[in-house]
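Note sheet for the following structure.
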Amino acid sequence: MLRIYNTLARDKQEFTPIVPGKVGMYVCGMTVYDYCHLGHARVLVVFDMVYRWLKASGLDVTYVRNITDIDDKIIKRAAENGESIHALTARFIAAMHEDADALGVQRPDHEPRATQYVPEMLEMIAQLEQNGLAYKATDGDVNYAVRKFPGYGKLSGKSLEDLRAGERVDVTDSKHDPLDFVLWKHAKEQEAAEVKWDSPWGKGRPGWHIECSAMGSRLLGQHFDIHGGGADLQFPHHENEIAQSEGAQLVDGKHGQFVNYWMHNGFVNVDKEKMSKSLGNFFTIREVLKKYDAEVVRFFILRAHYRSPLNYSDMHLDDANQSLNSLYTALKHVPVEDAAVDWNEPHAQRFKAAMDDDFNTPEAMAVLFELSKQVNSSKSIEAARQLKALGGVLGLLQEEPVERSQRPRNIVMEANIVLEGVTANIAVATYTSESINNLIDARTAAKQAKNYAEADRIRKELLAAGIVLEDSASGTTWRRA
RNA sequence: GGCGAGAUAGCAAAAUGGUUAUGCAGCGGAUUGCAAAUCCGCCUAUCCCAGUUCGAUUCUGGGUCUCGCCUCCA
């Protein structure tokens with residue numbers, strides 16, 4: 001039985017879908033004005049893992065991950081670049097898809113864009129106005145009247161009083177309450193035509209939070225199962241989504257429930273500080289993928305629990321790389337075709353128990369390592385199949401191990417390693433597999449002639465280029481260090 | 001200032017009121033012509049102070065420190 005940590009309850013709860021066997025899941029995706037960084041990678045990978053596990057559990061999942069393609073930052077960036085909003089967002093949506101695909105993230109079932117749902121947003125704003133929760137302010141914006149919504153603060157655990165006491169809340173004259181937020185921003189003279197939509201409140205564009213409420217309700221219904229996103233969205237974004245979506249539903253004077261389970265993933269940190277644009281301590285996904293395999297990055301993300309902080313550094317990625325290699329090495333020695341998981345087998349049961357406990361991927365991975373140990377010592381095909389199949393549940397271990405071990409590294413930085421006292425530059429790619437095989441043949445001949453000096457010379461020559469030779473009963477194979 | 005999360009071995013990271021987490025790194029051994037890989041063994045832990053308990057890393061209270069949210073943020 002799956003248990004999920006529900007931010008709304010601040011506790012793990014048994015997961016019960018609204019409609020038995022079906023799950024509606026919505027995750028806040030990107031605002032597309034720049035390349036995705038590792039923080040975005042974590043959301044993508046974590047909820048991809050959740051999506052996969054729900055499906056593996058036999059549930060019929062509808063996964064929606066939105067794209068915010070209209071917002072202040074987008075408008076600003078487009079103006080800076082002297083390009084249209086559409087050109088800008090199209091570019092970064094394509095880039096995001098490249099990054100997500102590389103990380104083995106499955107496409108969601110729906111990927112709605114804010115600009116395609118403006119009518120739904122207007123409909124919701126009208127409903128809020130009708131329910132007495134929205135008002136047109138003197139400056140022309142339509143605002144949400146926070147104090148009129150009874151449950152405001154229930155997700156983030158903040159009271160209106162606490163929030164007002166905060167030093168950093170903007171005070172705008174046109175708002176009835178400083179905490180009121182904008183549903184519809186009135187159009188400004190200087191803004192381009194492509195950011196202006198007609199509405200009953202005049203020309204304008206949507207506020208930040210309304211798009212998720214409108215798209216979620218449209219695609220998953222007014223009441224759905226899971227809503228996820230980064231922990232920083234808890235307040236105000238998700239709090240406001242609740243206010244909007246529940247505020248718009250009013251039956252017999254009572255507001256309906258919007259989402260049953262709220263999930264929030266932890267941040268990616270650099271030197272213990274949150275990776276963020278303002279601090280300038282972020283690494284884009286594509287930047288990191290120049291140095292590390294995408295699967296290593298995915299492994300790195302999933303080896304920590306999704307709610308824990310995740311500290312990024314090259315050292316940690318190197319460590320993740322070594323760990324993942326060892327799993328692949330086990331599969332290299334016992335090659336298997338694709339296979340389904342045997343869920344009755346003890347490892348799979350422990351894996352399932354871990355995943356069912358709020359998606360405990362570190363525990364699930366520990367099972368993978370124990371399985372790999374069994375593969376190494378027993379050479380069991382069944383164990384190897386199980387290892388690959390369980391890895392597949394996490395979106396890992398699906399590459400061909402030998403091919404993977406011989407693929408040239410896409411390392412751009414100078415990277416030296418020391419093996420056997422030889423300093424190897426693993427960026428050197430001067431040896432083709434053909435030339436390597438020729439050298440292996442020459443070395444085999446030298447070995448047969450008991451000319452070990454020559455055999456060792458060849459081995460060290462290759463080692464200096466980051467190529468490791470491995471002798472076995474069935475001959476010599478090679479891999480990149 | 002308000003609210004919240006967390007402190008586990010060299011590093012990373014789970015779990016647990018008593019019984020080996022796991023991985024990387026390191027050390028010793030087996031194996032190997034030498035290696036690599038693998039196997040076996042070893043090595044380092046539960047922030048501090050009280051309390052509850054037969055027993056606490058785990059529960060309670062206090063403290064210290066770190067981080068996050070309260071403003072755009074995944």
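Computed from a prediction, not measured in an experiment: that's the story for all the values here. What you see below is based on every heavy atom in this structure, not just the backbone, and it leaves out hydrogens, waters and symmetry mates. In what follows, every chain begins at residue 1, and chains take the letters A, B, ... in the order their sequences are listed.
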### Task
Check whether the ring centres of A:Phe224 and A:Phe258 lie less than 6.0 Å apart, and answer yes or no.
yes
### Separation between the P atoms of B:A5 and B:A15, rounded to whole Å
16 Å
### Task
Select one nucleotide: of B:C24, B:G2, B:U22, the one nearest the side-chain heavy atoms of A:Asp319.
B:C24
### Query
Of the nucleotides B:U66, B:C34, B:C72, which has the atom closest to the A:Arg459 side chain?
B:C34
### Message
Categorize A:Leu469 for me: base, sugar-phosphate, or nothing, with a 4.0 angstrom heavy-atom threshold over every strand shown.
### Response
base
### Query
Quick one: which of B:U66, B:A37, B:G2 gets closest to the side chain of A:Glu470?
B:A37
### A:Phe299 and A:Phe369 aromatic ring geometry - parallel, tilted or perpendicular at 30°/60° bounds
perpendicular
### Query
Which residues pass the salt bridge (charged side-chain N to carboxylate O under 4.0 Å, His left out) test with A:Arg385, sequence neighbours left out?
none
### Message
At 4.0 Å (heavy atoms only), tell me whether A:Gly266 reaches a base, stays on the sugar-phosphate, or touches nothing.
### Response
base
### Task
State, yes or no, whether a side-chain contact exists between A:Lys12 and A:Tyr5 at a heavy-atom distance under 4.5 Å.
yes
### Message
Nearest to the A:Phe235 side chain among B:C69, B:A15, B:U38, which nucleotide is it?
### Response
B:C69
### Query
Taking the C1' atom of each, how far is B:U53 from B:A14, in whole Å?
26 Å
### Message
Any base atoms under 4.0 Å from A:Asp72, or only sugar-phosphate, or nothing? Heavy atoms, all strands.
### Response
nothing
#### Entry: Residue closer to the 5' end of RNA chain B, A:Ser156 versus A:Pro362 (nearest nucleotide)
A:Ser156
### Query
Hey, does A:Val367 reach any base, or is it just sugar-phosphate, or nothing, if we go heavy atoms under 4.0 Å?
nothing
### 5′-ward residue of the pair A:Asp357/A:Lys277 relative to RNA chain B
A:Asp357
### Task
Using a strict 4.0 Å threshold on nitrogen-to-oxygen distance, state whether A:Arg443 and A:Asp471 make a salt bridge.
yes
#### Entry: Separation of A:Arg77 CZ from A:Ile85 CD1 (nearest 0.5 Å)
12.0 Å
### Query
Could a donor-acceptor pair under 3.5 angstrom be found where the side chain of A:Arg443 meets the base of B:G33?
yes
### Message
Check the phosphate of B:A12 against A:Asn311, side-chain N and O only, distance under 4.0 Å to OP1 or OP2. Yes or no?
### Response
no
### Task
Rounded off to whole Å, could you give me the CG-to-P distance for the A:Leu463 and B:A37 pair?
11 Å
### Query
Rounding to the closest angstrom, what is the interatomic distance between B:A25 and B:U19 at atom P?
29 Å
### Query
Do the side-chain N or O atoms of A:Ser308 get closer than 4.0 angstrom to the phosphate oxygens (OP1, OP2) of B:A14?
yes
### Query
Contact class for A:Arg303 (heavy atom, under 4.0 Å): base, sugar-phosphate, or nothing?
sugar-phosphate
### Task
Looking only at side-chain atoms of A:Glu273, point me to the closest of B:G68, B:A74, B:C3.
B:G68
### Task
Return the value, rounded to whole Å, for the distance between atom CE of A:Met275 and atom C1' of B:C72.
17 Å
### Query
How far does the C1' atom of B:C43 sit from the matching atom of B:G2, given to the nearest Å?
46 Å
### Task
Select base, sugar-phosphate, or nothing to describe what A:Ser472 touches, counting heavy atoms under 4.0 Å on all strands.
nothing
### Task
Just compare B:A13, B:A36, B:A74 and give me whichever is closest to any side-chain atom of A:Thr31.
B:A74
### Query
Between A:Phe283 and A:Tyr312, what is the ring plane arrangement, given parallel below 30°, perpendicular above 60°, and tilted in between?
tilted
### Message
I need the A:Arg42 CZ to A:Leu103 CG distance, nearest 0.5 Å.
### Response
13.5 Å
### Task
Considering only atom P, compute the distance from B:A74 to B:G17 and round it to an integer number of Å.
38 Å
### Message
Taking any heavy-atom pair under 4.0 Å as a contact, classify A:Lys373: base, sugar-phosphate, or nothing.
### Response
sugar-phosphate
### Pairwise distance CD(A:Gln244) to CG(A:Leu183) - rounded to 0.5 angstrom
5.5 Å
### Query
What is the distance from NE2 of A:His305 to P of B:A5, rounded to the nearest Å?
14 Å
### Message
For a quick check of understanding: with a heavy-atom distance under 4.0 Å over all strands, which category does A:Tyr452 fall into, base, sugar-phosphate or nothing?
### Response
base
### Query
Could you go step by step and tell me if A:Asp101 and A:Arg107 meet the salt bridge (Lys or Arg N to Asp or Glu O under 4.0 Å) rule?
CA-CA 8 Å; A:Asp101 290 350; A:Arg107 293 288 174 101; 3.1 Å; yes
### Task
Ignoring backbone atoms, establish whether A:Gln322 has a side-chain N or O less than 4.0 Å from OP1 or OP2 of B:A25.
yes
### Query
Taking OP1 and OP2 of B:A37, is either one under 4.0 Å from a side-chain nitrogen or oxygen of A:Arg479?
yes
### Task
Could you work out the separation of B:C54 and B:A7 based on their C1' atoms and round it to a whole Å?
29 Å
### Message
Applying a 4.0 Å non-hydrogen cut-off, can you work out what A:Met315 is touching in the nucleic acid: base, sugar-phosphate, or nothing?
### Response
sugar-phosphate
### Message
Nearest to the side chain of A:Ala304, heavy atoms from C-beta on, is which of B:A13, B:C70, B:C11?
### Response
B:A13
### Task
With the side chain of A:Val468 defined as its heavy atoms from C-beta on, choose the nearest nucleotide among B:C39, B:A36, B:G68.
B:A36
### Query
Between A:Glu295 and A:Arg298, does a salt bridge (Lys or Arg N to Asp or Glu O under 4.0 Å) hold up when you go through it step by step?
CA-CA 5 Å; A:Glu295 190 176 354; A:Arg298 186 179 175 96; over 6 Å; no
### Task
Please tell me which of the listed nucleotides, B:U38, B:A74, B:A15, lies nearest to the side chain of A:Asn376?
B:U38
### Task
Looking at every strand, decide which applies to A:Gly39 at a 4.0 Å heavy-atom threshold: base, sugar-phosphate, or nothing.
base
### Task
Give the rounded distance in Å between these two atoms: CE of A:Met365 and C1' of B:A13.
11 Å
### Query
Does OP1 or OP2 of B:A12 have a side-chain N or O of A:Ser323 closer than 4.0 Å?
no
### Task
Mind jotting down which residue pairs meet the ring pair (Phe, Tyr, Trp, His ring centres under 6.0 Å) criterion with at least one end in residues 89-109 of chain A? Sequence neighbours excluded, please.
A:Tyr35-A:Phe92
### Task
Have a look at A:His264 and say if it touches a base, only the backbone sugar-phosphate, or nothing, with a 4.0 Å heavy-atom cut-off.
nothing
### Message
On the side chain of A:Asp456, is there an atom forming a donor-acceptor pair with the base of B:G33 - under 3.5 Å, no angle test?
### Response
yes
### Message
Quick check: any donor-acceptor pair below 3.5 Å linking the side-chain of A:Asp471 to the base of B:C34?
### Response
yes
### Task
For B:U66 and B:U8, measure between their C1' atoms and round to the nearest Å.
15 Å
### Task
Could you check which of B:A74, B:C24, B:A21 has an atom nearest any side-chain atom of A:Glu370?
B:A21
### Message
For B:C67, does the base pair up with any side-chain atom of A:Lys274 as donor and acceptor (N or O, under 3.5 Å, distance only)?
### Response
no
### Query
Stems in RNA chain B: runs of 3 or more consecutive Watson-Crick or G-U pairs, distances under 3.5 Å?
B:1-7 with B:64-70, B:10-12 with B:22-24, B:26-30 with B:38-42, B:47-51 with B:59-63
### Query
When we call it a touch if two heavy atoms are under 4.0 Å apart, what does A:His333 touch: a base, just sugar-phosphate, or nothing?
sugar-phosphate
### Distance, P atom - from B:G4 to B:A13, rounded to whole angstrom
25 Å
